[in-house]
Amino acid sequence: MKDVFIAAKDLTYVYRRSNTGGYKALSGINLTVKTGEFLAIIGSNGSGKSTLARHFNGLLKPSSGSVTVAGMDTASVENTWEIRRLVGMVFQNPDNQIVSSLVEEDAAFGAENLGLPPEEVKKRVAETLRLVGLTPYAGHAPHLLSGGQKQKLAIAGVLAMCPTCLVLDEPTSMLDPAGRMELMETLIHLNRDMLVTVVLVTHFMEEAVLADRVVVLSDGEIALSGPPVEIFTEVELLEELGLQLPTALKIAHGLRQRGFSLPLDILTINDLLAYCKNVLVG
Ligand code: ADP
Ligand code: MG
């Protein structure tokens, strides 16, 4: 069995609001992320996804319960630095994450702040820009990059700190479909080939079906958790939770309701096409 990397135990988080007292955004969350896993977190707006993701590198601390990263309690200040290094965060808006006027300088920012020797930083930056496919843009100005490329730059900057885990909070929500697809391919490559643990918060179900495991949040609680084939066959429940099913799943579900016996592991358009081809060509 893989090691547990992040563990949330009975995690509850209350936002303090001066006028109303407080708002419980997370309640009784028990969740582990294993080393090397690709976990997707989905849920409707306001279900607590960002609040949960921010607990994974100690940006937020539990109101009660606990979160540990590589065995370190996020509530202890002495662990903060190491936890931030082990868990890199990438946010929704690529423009807010740019800090330099040159791509390679931008990617170096986090690693430089670790106090690494300049030679080591340079080596790491060259490597991480290559990993995300931005080597040809090393000398460019970041604001000239596309949205998808900016997100890849944010990822390169985080990777240069050699984290164990990437936590991405809706990183594709401001990208066009081509940019989204490319970013997903980068994440899958980092996870499968570079063994980076990935936690992806997304409202695109098409992205979540590509994960090893999916956690569905609803009103600050875990409503469902399991591999995509288990989660995405709970069609009625997902719709009740306000989630939009991926097109391939809607078609497969519709066909099943009309008496066709389709296998349950049809999750993507490619799965559906392969199935149709099999049926038609025999
Ligand atoms: P999601 O990312 O799933 O959309 P969030 O984690 O951002 O959800 O928010 C969960 C709930 O907490 C929402 O009801 C939201 O209004 C509330 N919330 C989020 N951030 C704050 C904040 N800074 N202060 C008060 N309430 C907040
Ligand atoms: Mg959010």
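We count ligands from 1, going down the list as the structure has it; atoms in each ligand are counted the same way. Computed over heavy atoms, backbone and side chain alike; hydrogens, waters and symmetry mates excluded.
Within ligand 1, the atoms closer than 4.0 Å to a non-hydrogen atom of Asn45 are 4 (O), numbered from 1 in the order shown. When each atom of ligand 1 is checked for a heavy atom of Ser44 under 4.0 Å away, the hits are 3 (O).
Nearest to atom 8 (O) of ligand 1 among the protein's heavy atoms is Gly48 N, 3.2 Å. Nearest protein heavy-atom contact of atom 4 (O) of ligand 1 is Gly46 N, 2.7 Å. For atom 19 (C) of ligand 1, the closest non-hydrogen atom on the protein side is Tyr15 CE1, 3.4 Å. Closest to atom 7 (O) of ligand 1 among all protein heavy atoms lies Ser50 CB, 3.7 Å. In terms of protein heavy-atom proximity, atom 17 (C) of ligand 1 is nearest to Arg17 NH2, 3.8 Å.
When the options Asp219, Leu60, Thr51, Leu26 are ranked by their closest heavy atom to atom 9 (O) of ligand 1, first place goes to Thr51.
Under the 3.5 Å distance criterion, the side-chain polar atoms of Lys49 are left unmatched by any main-chain donor or acceptor of Ile41. Ser146 places a side-chain N or O within donor-acceptor distance of the main-chain N or O of Gln149, the cut-off being under 3.5 Å. Formation of a donor-acceptor pair under 3.5 Å by the Ser100 side chain with backbone atoms of Leu102 is not found in this model. One N or O on the side chain of Asn57 and one on the backbone of Leu59 form a donor-acceptor pair closer than 3.5 Å. The closest donor-acceptor contact from the side chain of Thr197 to the backbone of Gly36 lies under 3.5 Å. Not one N or O on the side chain of Asp10 forms a donor-acceptor pair closer than 3.5 Å with the backbone of Gly28. Using modelled atom types, one side-chain atom of Asp106 and one backbone atom of Val99 make a donor-acceptor pair closer than 3.5 Å. Checked by atom type and distance alone, the side chain of Arg84 never pairs as donor or acceptor with a backbone atom of Met89 at under 3.5 Å. The backbone N or O of Ser225 sits nowhere less than 3.5 Å from a side-chain atom of Arg213 that would complete a donor-acceptor pair.
On a distance-only criterion, Ala25 and ligand 1 share no N/O pair closer than 3.5 Å.
The Mg ion (ligand 2) has Ser50 OG as its protein N, O or S neighbours under 2.8 Å.
A side-chain donor from one of Gln151 and Gln97 sits under 3.5 Å from a side-chain acceptor of the other. Between the side chains of Asp169 and Ser50, at least one donor-acceptor pair of N or O atoms lies under 3.5 Å.
Assignment of Ser47 to the shell around ligand 1 is supported, since a heavy atom sits closer than 4.0 Å.
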